[in-house]
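What follows is a set of notes on a single structure, which appears directly below.
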Amino acid sequence: MKFIELNAKTETDKVLKSFINRYFASTKVDAQRSGTSRAMIELFLKASCGSNCSYCYLHNHRNELYPMELENDELILSNLSAFLDMYIENKWCNNFEIFSGRIFDKPFGLKVFELIYNKFRDSQYKPSEIIIPDDMQFILDSDQTTKIERYLEQFKDIGIYVYFSASVDGKPLDYERFGNRVDEFYYRLKDFCLKHNFCYHPMVSAHVIDKWIDNFDWWYNYVDGDLDKIMFLQVRNGDWTEARVKSYLKLLNHVYDVIYDHYKNKDDFFAEMAGLKPYNGEGPEVFRLNKLIELKPVRKSNKLSCALQNSMVVRMADLAIVPCHRTGYKQFTAGFFIKENNEIVGIKANNAPLMIAIQNLTLENMLKCNTCSINKYCMGPCLGANFEYTQELFYAPDDVCFLFKCGILFTLYKLNLSGGIKYLLENYRTETLELYGALFSYMSHIQKEATKGVGKVVLDTMNELGLELPKKMED
């Protein structure tokens, strides 16, 4: 059925329908005008996962984020089929992300591929990319891996590129998950990712942060120094104690030194780190993918740093439209697609105003963030973690704020100690003062209160590392 013809009974239903049509639905005409499809469509398939990582929201809040009583293969595939039919009939071209608990080591994952492939094989209306974050455990099954690779080629033949992003934490941290097969797993994974040009996104979480320097070194060797193959993702849970933040700062110190040593021309390092000069191809392109030691402002648009504002997430068990897979609670669900006789025929709103509010959310208007001195440099909180730790969707946990304040301040100190601030002021004075004026003021304030809070943790860590703290920043 045409999207504009979907049954919307109430005025709120009509608002949700109109909002999705305007902000998320994307046709080839839209793509040609903008150069890209406007939004990603995330297919949230399942919540069951055998990994049970302790920091994972899906593990800890599975029954609240997903109607587990409806997690049925046939129902999910039926709903997915109806949704794809609507996609094709409305001539959409949005790219897909497949988010799920572990499915690709099982027959169900292949059925998902088969269904998507058959729907788009003879259609001109299809995504050009499908991105799949996955724990990659299918790698340990040679037959399953061969079947998946066959589908990768079949998708490519019809103009759809499927990209797996390996959600794995690194061999030093993964012994519990893989046991005596951990060496085999990472050997096979490296071969698979090199073959298909796939990348990795390990999670830098608080509960094992004391092991992350060794883990970083392992990753560095694993990718043969090619760090642009890795996106390091800080887990923004509210469990960053002072001791854990200190360990995080020591990791930042180590990462800074490793990347710095790669650059023969240190001036390029300073300018690229600050975002004042494009990557020149000399060192690893680490600033492109992760924010561990990057200092350039991340608030250059009105978007949050995650994909939440650029994705429509559809939970396939009940065709719910949720803000993201971490905020799929009943009270935050925007609405539902209505299916009858294997066809989507309507839309019913639940909390459409929230979905609209999220689209207008920035760190400049979010509670607490709006008055923070570093909101132009901070990647910001995760809305799902906000709710889990503060019971408020738009209010960040204090521990997360503390983590980023300490991290940004520490990195600025490192940049100054290595001559970076002096170089930037001498060569990019106007841009540097414009970009970092607020940060310099914040640093001056913190230096006056070095006996408590952020200042104390940063200075104590620097002392423990044997780093010299200048009396003042470069004038």
Side-chain angles (χ1 to χ4, degrees), residues 1-27 30 37-45 47 57 61 64-67 70 79-80 82-87 89-90 92 94-97 99 301-304 306-340 343-367 380-388 390-395:
M1 181 177 286
K2 296 291 186 183
F3 194 84
I4 60 173
E5 297 173 0
L6 291 184
N7 183 26
K9 295 181 179 180
T10 69
E11 287 302 314
T12 310
D13 296 344
K14 294 174 183 177
V15 168
L16 178 60
K17 173 182 166 181
S18 175
F19 185 77
I20 290 174
N21 190 45
R22 291 177 183 274
Y23 282 84
F24 295 106
S26 186
T27 65
D30 299 322
S37 59
R38 278 185 293 180
M40 181 85 72
I41 293 177
E42 180 180 305
L43 310 174
F44 185 4
L45 298 182
Y57 45 86
H61 303 279
E64 301 163 83
L65 295 171
Y66 195 98
L70 298 178
N79 287 346
L80 177 59
F83 182 82
L84 296 179
D85 287 340
M86 181 183 71
Y87 176 104
E89 185 173 0
N90 286 279
W92 291 353
N94 303 71
N95 288 330
F96 286 167
E97 178 175 319
F99 179 84
S301 69
N302 290 328
K303 295 288 186 181
L304 299 178
C306 67
L308 181 145
Q309 290 170 312
N310 196 42
S311 301
M312 179 175 72
V313 181
V314 183
R315 192 171 59 203
M316 285 299 151
D318 57 355
L319 290 173
I321 305 158
V322 297
C324 72
H325 45 255
R326 193 168 183 174
T327 55
Y329 298 91
K330 182 178 180 180
Q331 64 269 39
F332 301 145
T333 299
F336 300 84
F337 288 111
I338 305 302
K339 187 183 75 168
E340 294 178 0
E343 181 184 11
I344 291 178
V345 298
I347 191 166
K348 181 176 177 57
N350 179 67
N351 193 347
L354 177 64
M355 190 176 194
I356 296 170
I358 286 174
Q359 282 300 308
N360 292 286
L361 187 66
T362 74
L363 293 195
E364 283 75 36
N365 63 26
M366 190 186 301
L367 289 174
C382 164
L383 298 192
N386 287 359
F387 182 70
E388 291 163 22
T390 72
Q391 288 70 58
E392 295 286 347
L393 199 62
F394 298 153
Y395 194 85

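Values below: all heavy atoms of this structure, side chains included; hydrogens, waters and symmetry mates excluded. What you see is a predicted model, and the numbers here were worked out from it, not measured in a lab.
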Closest approach of [X] and [Y], non-hydrogen atoms and distance?
| X | Y | value |
| --- | --- | --- |
| Tyr57 | Leu65 | O-CD1, 3.9 Å |
| Ala39 | Asn94 | O-ND2, 2.9 Å |
| Val313 | Cys324 | CG2-CA, 3.8 Å |
| Val314 | Phe337 | CG2-CE1, 4.1 Å |

Within a strict 4.5 Å, meaning less than it, do heavy atoms of the [X] and [Y] side chains meet?
| X | Y | result |
| --- | --- | --- |
| Asn386 | Glu392 | no |
| Pro381 | Leu363 | yes |
| Met355 | Leu16 | yes |
| Val322 | Thr327 | no |
| Ile20 | Ile347 | yes |
| Ile41 | Trp92 | yes |
| Asp85 | Ile344 | no |
| Met1 | Glu343 | yes |

Side chain of [X], backbone of [Y]: donor and acceptor closer than 3.5 Å?
| X | Y | result |
| --- | --- | --- |
| Asn350 | Thr333 | yes |
| Asn79 | Met316 | yes |
| Arg315 | Gly328 | yes |
| Tyr23 | Gln359 | no |
| Asn95 | Met40 | no |
| Asn21 | Ile4 | no |

Between Lys2 and Asn90: side-chain donor-acceptor atoms closer than 3.5 Å: no

Asp13-Thr10 side chain donor-acceptor pair, cut-off 3.5 Å: yes

Salt-bridge contact Glu388-Arg326 (side-chain N to carboxylate O under 4.0 Å): yes

Could you measure the distance from the [atom1] atom of [X] to the [atom2] atom of [Y]? Nearest 0.5 Å is fine.
| X | Y | atom1 | atom2 | value |
| --- | --- | --- | --- | --- |
| Ile321 | Met312 | CD1 | CE | 6.5 Å |
| Gln309 | Leu383 | CD | CG | 8.0 Å |
| Leu319 | Lys348 | CG | NZ | 14.5 Å |
| Leu6 | Ile338 | CG | CD1 | 10.0 Å |
| Phe394 | Leu361 | CZ | CG | 5.0 Å |
| Phe96 | Leu43 | CZ | CG | 5.0 Å |

Residue pair Ser18, Lys14: steps toward the side-chain contact (heavy atoms from CB on, under 4.5 Å) verdict: CA-CA 6 Å; Ser18 175; Lys14 294 174 183 177; over 6 Å; no

Neighbour count >12 (heavy atoms, 6.0 Å) for atom NZ, Lys17: yes

Residue Glu340 excluded, over 12 heavy atoms near CD under 6.0 Å: no

Aromatic ring pairing His325/Phe99, orientation class (parallel under 30°, perpendicular over 60°, tilted between): parallel

Aromatic ring proximity Tyr66/Tyr329, centre distance under 6.0 Å: no

Within the 6.0 Å centroid threshold, strictly below: Phe387 and Tyr395: no

